[in-house]
Amino acid sequence: GVLEALMVMIRIELERLALVNQEETSGRRSLRRAFRKMLRPMVQLRNSQPWGADAVRFLSRLVSEQDNDITELVNDNNSY
């Protein structure tokens with residue numbers, strides 16, 4: 001329903017940001033680069049869309065949720 005639609009919308013933006021970041025970074029692999037690749041889209045999401053800050057808060061609340069259905073929804077939409 002609505003939660004899934006929101007997750008898809010957020011995932012699409014995170015994937016777009018990850019793709020832009022991937023094009024900007026190249027070179028040697030390192031732990032720092034791995035963490036940056038994983039976390040940078042979340043940081044950038046706050047400023048990339050008018051709803052970005054709300055999306056980050058929404059995701060943080062979902063991730064802390066203990067409901068199995070919510071956990072499955074988050075895991076299914078975590079592909080960036």
For the student: nearest non-hydrogen atoms of Leu45 and Leu14, plus distance: CD2-CD2, 3.9 Å
Minimal non-hydrogen separation, Leu17 against Pro41, with atom names: CD1-O, 3.5 Å
Worked verdict on Val20 versus Arg16 for side-chain contact (heavy atoms from CB on, under 4.5 Å): CA-CA 6 Å; Val20 168; Arg16 185 189 71 77; 4.3 Å; yes
In one Ile/Leu/Val/Met/Phe/Trp/Tyr side-chain cluster, 4.5 Å: Leu31, Met38: yes
Value rounded to 0.5 Å, distance of CD in Gln44 from CD in Glu13: 9.5 Å
Distance, nearest 0.5 Å, that separates CG of Leu19 from CD of Glu15: 9.5 Å
Hydrophobic cluster membership, Val43 vs Ile10, 4.5 Å side-chain cutoff: no
Contacts of type side-chain hydrogen bond (donor to acceptor under 3.5 Å, both in side chains), residue Arg57, not counting sequence neighbours: Asp54
Connected via hydrophobic side-chain network under 4.5 Å: Leu3 and Met9: yes
side-chain hydrogen bond (donor to acceptor under 3.5 Å, both in side chains) partners for Glu4, two or more places apart: none
Any donor-acceptor pair under 3.5 Å from Arg33 side chain to Arg28 backbone: yes
Leu59 and Met7: CA distance, side-chain angles, deciding distance, side-chain contact (heavy atoms from CB on, under 4.5 Å) verdict: CA-CA 8 Å; Leu59 289 175; Met7 287 296 296; 3.5 Å; yes
